[in-house]
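Letters A, B, ... are given to chains in the order of the sequence lines, protein chains preceding strands, and every chain is numbered from 1.
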Amino acid sequence: MESLQKLKKNIQKVFVGNETAIELLIESVLCSGHVLLEDVPGTGKTLLAKSLAKSMAGQFSRIQCTPDVLPSDITGIEYFNPKSNDFEKRLGPVYTNILLADEINRALPRTQSSLLEAMEERQITLDRETIKLPSPFIVIATQNPLESQGTFPLPDAQLDRFFMSIPLGYPSQEEERTIIRRFREHQPLDTLSVCITLEELIDLQVETKRILVSEPVEDYILQLTAATRSSKYCETGLSPRASLALLKASQAKALYMGRSYCIPEDVQFVFPAIASHRITITMEGALTAGRREITEQILHEVDVPVEISR
Amino acid sequence: MKRNPHIDKAFFLSDKVIMSTIIIFIWDLIFLKHPVVMTSILIYYSYAIMVHYYTNHITNAMQILNENRRYRVFPGNEAVIGIGVRNNAKLSIPNGKLSFELSETIETEGVLIESGDGVLSDRRVYPFLIPAKDSIEWRLSIRPQKRGLYTIENVELIVYDWFRTSTTYFPVLPRLQTEILVYPLIKPIRNIQRLERLMPGIQQSRLSYLEDASAVSGVKQYENESFRHIHWKASLRMQQLVAKKYQPVTHSGVTICLNLSAPQRGFHSRFEDLISFTAFLCQYMTTKHLSFELFINIYKGGRPLTLNLREGNEHLAASLTALAQLSTSGAAFSETAFLTYIKESQAPSVLTILVGGTGIRGNLQGEVVYVNEHGHLSGGGTDAALSI
């Protein structure tokens with residue numbers, strides 16, 4: 001898809017390395033899915049999120065999560081205005097198209113949970129009134145998995161609402177060379193222009209839903225989900241919401257590759273990003289491998305459907 | 001800097017020999033015109049050219065698979081690790097050998113072992129034959145015996161031609177990215193159930209620097225609090241600005257402090273046992289769903305090695321990983337400095353467990369108990385009630 005390649009190239013003007021992460025992020029946007037960017041500090045999580053937001057038209061808000069950010073700081077507040085002698089609404093930063101929740105695990109669990117309704121139902125409730133959020137509404141959250149002082153791990157219910165979790169990893173030596181050269185004199189983010197309008201994005205999202213998923217690919221998705229539920233390394237496996245996410249992400253991957261149908265490789269590509277943050281691992285699992293390794297192992301163990309010619 | 005492979009050819013394929021045969025060939029071509037000699041020399045040249053192109057071609061085409069993978073295993077348990085090579089050439093490799101060194105504390109199965117000569121250690125060897133554009137991965141069954149972080153070292157790839165007339169030695173890889181992490185042995189503390197008496201009815205609560213903003217306990221008079229702390233509805237009812245009052249935070253963390261120093265100098269003679277008892281404590285806290293922090297008196301970035309207060313299986317894995325990598329090669333903090341550091345930086349805890357050391361309790365938080373080098377737990381509450 002030309003517009004998607006254009007979007008990727010635009011992001012790459014700023015963000016160097018990890019093309020897989022950029023691809024997954026775009027696929028997540030195609031499904032209106034919320035993304036959790038995870039890695040150690042300085043790997044470009046916020047930069048990637050900001051590059052995507054700047055490449056797309058629409059509103060962008062950012063919340064720097066700290067322990068004293070309260071739910072009302074995110075959703076909004078109804079306060080009493082003595083001048084008008086009445087309650088007035090002030091909508092929070094959540095009322096936007098792309099919301100960057102930076103260092104989300106530094107906010108209190110209560111504040112994190114205030115995003116639940118917005119993320120799942122794309123609406124917020126202030127006192128008695130329910131307000132629809134603009135479309136598309138995408139939350140891009142970042143967190144540093146190493147830091148634990150003064151952080152609050154995201155509850156499982158919250159994690160399940162993230163469509164994908166994308167680790168960024170360190171760049172290669174050559175990529176790092178490009179980074180230090182590119183950012184030496186100026187900040188490329190400042191000159192980044194919009195390359196996709198909201199209308200175009202909505203059209204692409206509609207097109208993603210039309211991608212054909214054959215029965216063997218559907219079976220493959222279901223087998224992968226079932227495998228996470230029966231794995232000895234998983235305490236809890238994938239939810240039906242995750243199966244649906246896996247299907248949607250595979251469709252987005254197919255669209256990204258310019259196909260009108262899904263193939264098992266699409267499912268394999270998106271599976272670790274969809275599954276790794278949703279599974280709860282057992283003690284044996286934690287001591288044997290990490291979440292990513294477990295999802296990759298499951299991917300290895302489940303038979304891939306092959307075309308049988310007659 | 002990239003190093004090139006070294007090629008060793010049999011004497012008859014050396015440049016000097018080839019050059020000298022040219023004279024014989026020309027002599028035969030002009031004067032003798034002996035068909036047998038000419039054919040033999042031509043066959044010899046063809047072979048030499050083939051070997052030359054073969055060695056040059058595979059030089060850039062062979063690759064040792066070097067994935068960044070970490071295998072985790074407990075001592076005495078078996079794990080299977082993968083090691084492999086890839087042939088990117090259009091030619092098959094009929095004869096090759098991959099060899100590497102692995103710690104002697106790791107027993108291996110299903111691999112040839114070439115003995116070292118006293119200076120060099122034993123090498124594990126895989127002879128191979130690999131088709132064109134293909135890769136091979138061997139599954140090596142390992143059984144580590146000792147805690148630690150191990151790597152596959154001095155990996156050497158040697159490729160021969162069809163008749164072993166030439167040998168290509170690829171540059172030795174100092175170490176592969178693959179790591180084998182061997183957790184410490186978990187040795188139980190026998191009277192561990194005594195800990196439960198010290199923590200009756202403790203409820204878990206998330207750590208917060210501030211008040212527990214998730215629990216409003218009432219309202220108080222407004223005193224320049226933040227805008228969002230104003231209780232608007234109560235203010236309206238009371239016709240004056242009032243702010244929310246929050247409940248104090250309760251904590252249920254456990255602090256585990258591992259002191260590996262000997263009472264006098266150097267490291268404790270039962271270094272491994274102390275680590276094993278600490279590993280047991282970490283596992284115990286995880287099974288009881290308690291959050292714990294871990295301090296170890298080994299220098300790490302100018303302070304004792306610290307794992308912050310957390311809970312769950314992944315925290316246990318991180319703790320055991322840290323314990324697995326401890327060695328006596330580093331420097332350690334003295335007991336007094338260590339306890340001072342803990343006192344200043346420990347999270348609010350209900351229980352502090354000191355493993356090793358002389359049993360000085362300092363002025364640490366909550367109940368303080370002590371685990372000695374024999375795995376006996378004492379202290380906390382009234383010592384008499386807990387003594388064995």
Which portion of A:R90 sits near chain B, non-hydrogen atoms under 4.5 angstrom: side chain
Sidechain N-carboxylate O distance under 4.0 Å for A:E296, B:R69: no
B:A317 versus A:A286, closest heavy-atom pair with distance: CB-O, 3.3 Å
Region of B:E293 in contact with chain A, defined by heavy-atom distances below 4.5 Å: neither
Interface residue of largest heavy-atom contact number with chain A, from B:L181, B:L316, B:T321, under 4.5 Å: B:L316
SB check B:E314 A:R291 (cutoff 4.0 Å): yes
Under 4.5 Å from any heavy atom of chain B - which part of A:L287: both
Exceeds 12 heavy-atom contacts within 6.0 angstrom, atom OH of A:Y170: no
Within 6.0 angstrom of A:K89 NZ, more than 12 heavy atoms from elsewhere: yes
Any side-chain heavy-atom pair of A:T288 and B:Y71 under 4.5 Å: no
Taking every non-hydrogen atom, the tightest pair across A:E293 and B:R70: OE2-O, 3.7 Å
A:E284 and B:N313, any side-chain heavy atoms less than 4.5 Å apart: no
Distance in Å, A:Y79 OH paired with B:K233 NZ, rounded so as to fall on 0.5 Å steps: 15.5 Å
Winner by heavy-atom pair count (cut-off under 4.5 Å) against chain B, out of A:P82, A:G285, A:A289, A:P71: A:A289
Contact class of B:F74 relative to chain A, heavy atoms under 4.5 angstrom: side chain
Top of A:T280, A:T111, A:T282 for chain B proximity - count of heavy-atom pairs under 4.5 angstrom: A:T282
